[in-house]
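Heads up, the thing below is written out as structure tokens.
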Amino acid sequence: MLKNTLYYILLLICFSGYSQKVALYKQFYGSYDFTMLGNTMNVKANGDSNSCEILTESSAILNLNNNKQVVAAYLYWSGNGTEKEADLSVMLNDVEVQSERTNYMFIDAQKTAGYFSAFSDVTSIVSKSGSGTYILSDLDLTKHMPRYCGGNYVGWAMVVVYEDLDIEDNLVAIYDGFESLDTSNPIINIVLDGFRITNTANSKISFLAWEGDASLASGEELLINNITVFNTLNPANNAFNCTNTYSNSTEMWNMDLDEYDLSSYVEVDDTVLDIKVTTAVDVVFFNTIVLSVYSVFPDATMTLDSYKNYCYTRVVDVNYTIANHKGNHPLKKDTPIAFYINNELIGTAKTDEEVAEGSEITQMITLDIPKKFGYRFDLVAVVDDLGTGKGVVYEIDEENNFSKTHIDLTRDCPVQKGVSANSDGQNDGFDLSIYDLNELKIYNRYGTEVYKHGKGYTNQWIGQDKNNRKLPTGTYYYVFATNFETISGYVYLIKEVR
């Protein structure tokens, strides 16, 4: 068994580069706190003669004092397996749960063996059930587990955020991903920032990690702000050792659910939390980190105020306001802003200056609109958005960052009244390119159709008929159709006498 274990660790050392970095998933600000629960499905620690035996279900108890109201609940489960082997459909208290996000990590270049982690929002289930026993079942990895024997694990955990009216101005931030720590990657450094701690009391941090071993205690250290962190269940040299702070268990085989009091490791006005984890032997997979600190934040909001279009072009100047009316901390300079049409990024900007609490700034951006969006469309602007849907600033409310307005590039722009067709570069053709029209028809004064063009017309009519013969000077009637409307009117054709 020891030989198999060492071989498996060697594979991890050689091929551990497919991980997904742990990053901010969700945050809650105000009168909120959190707890966690979960359990392993291994019956023994790796290295034991029965370590390859696994279960398909296990249970854990959710304890919420005074029946606190559940605000959110997120389920994570993980184990050995590739895309073909992973079990992405489980049961939580007899309710089917499908993975909404799945991460994989492979131990060979061909991706024939590896690990997975799955995630699902189970707020509706936990809100209805409240405190009590939760059973996760139908997590079945038994068929392929023998080939992972010696480096196997399987288990589940939940993060439960609840309302607590006895606290205020508290940040609960959930980070998740899937990355490993091993001898080829002996240090992981995660920096959390964007907040300002106002009170160190009740500050805490929790880790959901996989495959830590109680028997491997060499060079394994958890540091927060460069101070080694430990408690009664997690010694200074073996932070990830099959323990569960929430149930006080020391037999959480091949997984950890550990909470640490942060009050001794942070100070008032701290704006950074620096997390480092080291190892000399043990392999550990990091899935979820949850942070809770008293803090203050800005609250960035975006308003699209007005726009100026330039007739017969696709250029528009957009005026907008960035506000921080409800924030209790300044919004920093260079906060990113993104502009979208149909969920496609078309422009970016940044705040030109810091936005103080209770104040606002106005800015302008010039956008060149791609032709595929037509001449009428909805423009959406989002503050604190890198253009990827993700931001860089912690805020009181992350859901009020966008504004939408309808833009018409032809607003106050009359259709061309005359065509001179004299090759002087001015009004030589009947230019309707801004409209992206579907069809154009032109009639003479007797009502006879003299010209027709389908989709793709821009400014091809320079006074010719259907047979490409020159038409006489005079007034012509036009009708053209777009995706939005049908427009008609008169255009005067001038034929100069030379």
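The chain is numbered in sequence order, starting from 1.
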Mark yes when over 12 heavy atoms from residues, nucleotides or ligands other than [X] sit less than 6.0 Å from its [atom1]; otherwise mark no.
X	atom1	result
Y312	OH	yes
F373	CZ	yes
K276	NZ	yes

Donor-acceptor pairs under 3.5 Å, side chain of residues 337-345 to any protein atom, not counting sequence neighbours: which ones?
| unit_1 | atom_1 | unit_2 | atom_2 | d |
| --- | --- | --- | --- | --- |
| Y340 | OH | D385 | OD1 | 3.2 |
| Y340 | OH | D385 | OD2 | 3.0 |
| E344 | OE1 | K372 | NZ | 2.9 |
| E344 | OE2 | K372 | NZ | 2.9 |

So, [X] versus [Y]: side-chain donor-acceptor pair below 3.5 Å or not?
X	Y	answer
N46	E211	yes
E395	Y29	no
N170	S292	yes
N39	S59	no
N234	N241	yes
Y246	S206	yes
N438	N483	yes

For the residue pair [X] and [Y], establish whether any side-chain heavy-atom pair is separated by less than 4.5 Å.
X	Y	result
N248	L233	yes
T56	L139	no
L75	W156	yes
D256	F207	no
R314	I434	yes
N319	T362	no
L208	M255	yes
L141	F116	yes

Only counting residues at least two apart or in another chain, list the ones meeting salt bridge (charged side-chain N to carboxylate O under 4.0 Å, His left out) with [X].
X	answer
D334	none
E267	none
E485	R376

Parallel, tilted or perpendicular, as decided by the 30° and 60° cut-offs, for the rings of [Y] and [X]:
X	Y	value
Y435	Y375	perpendicular
Y153	Y115	parallel
H144	Y148	perpendicular

Do any N or O atoms from the side chain of [X] and from the backbone of [Y] form a donor-acceptor pair under 3.5 angstrom?
X	Y	answer
T245	E259	yes
D368	V315	no
E221	T278	no
N324	V355	yes
N238	A214	yes
T351	T335	yes
T301	N400	no
H406	F377	yes

Could you go step by step and tell me if E220 and T279 meet the side-chain hydrogen bond (donor to acceptor under 3.5 Å, both in side chains) rule? CA-CA 4 Å; E220 184 176 306; T279 188; 4.6 Å; no
Side-chain atoms of residues 125-132: list all donor-acceptor pairs with protein atoms under 3.5 Å, sequence neighbours left out, distances to 0.1 Å.
| unit_1 | atom_1 | unit_2 | atom_2 | d |
| --- | --- | --- | --- | --- |
| S127 | OG | T123 | O | 2.8 |
| S129 | OG | I125 | O | 3.2 |
| S131 | OG | L64 | N | 3.1 |

[X] side, atom [atom1]; [Y] side, atom [atom2] - distance, nearest 0.5 Å:
X	Y	atom1	atom2	result
L192	I275	CG	CD1	4.5 Å
L379	T405	CG	OG1	7.5 Å
N254	M252	CG	CE	11.0 Å
S180	N287	OG	CG	12.5 Å
R196	F297	CZ	CZ	10.5 Å
N244	D258	CG	CG	7.5 Å

Please identify each residue that fulfils side-chain hydrogen bond (donor to acceptor under 3.5 Å, both in side chains) with E360, with sequence neighbours left out. H325
For T142, side-chain hydrogen bond (donor to acceptor under 3.5 Å, both in side chains) partners two or more places apart: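 If we apply the side-chain hydrogen bond (donor to acceptor under 3.5 Å, both in side chains) test to T142, skipping adjacent residues, the hits are D140.
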Pairs touching residues 73-100 that satisfy salt bridge (charged side-chain N to carboxylate O under 4.0 Å, His left out), sequence neighbours left out: E85-R147
Pairs flagged by salt bridge (charged side-chain N to carboxylate O under 4.0 Å, His left out) wherever residues 292-312 is involved - sequence neighbours left out: none
With side-chain contact (heavy atoms from CB on, under 4.5 Å) as the test, pick out the partner of V290 among V172, T35, I205. V172
Shortest non-hydrogen separation from [X] to [Y] and the atoms involved:
X	Y	answer
I407	V318	CD1-CG2, 4.4 Å
W77	S120	CZ3-CB, 4.1 Å
C242	D213	SG-CA, 4.1 Å

Electrostatic pair K204-D33, nearest N-O below 4.0 angstrom: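 Yes, K204 and D33 are salt-bridged.
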Under the ring-ring contact (aromatic ring centres under 6.0 Å, His included) rule, collect the residues that match up with Y76, sequence neighbours excluded.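 Once residues adjacent in sequence are excluded, the partners of Y76 under the ring-ring contact (aromatic ring centres under 6.0 Å, His included) criterion are F119.
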Could you pull out all donor-acceptor pairs under 3.5 Å where a side-chain atom in residues 157-166 meets a protein atom, sequence neighbours excluded?
| unit_1 | atom_1 | unit_2 | atom_2 | d |
| --- | --- | --- | --- | --- |
| D164 | OD1 | K68 | NZ | 3.4 |
| D164 | OD1 | D166 | N | 3.0 |

Qualifying residue for side chain to side chain donor-acceptor pair (under 3.5 Å) with D176, from Q20, R101, K26: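 Running side chain to side chain donor-acceptor pair (under 3.5 Å) over Q20, R101, K26 with D176 returns exactly one hit, R101.
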Going by disulfide bond (SG atoms under 2.5 Å apart), name the pairs with one or both residues in residues 300-396, residues two or more places apart or in two chains. C311-C413
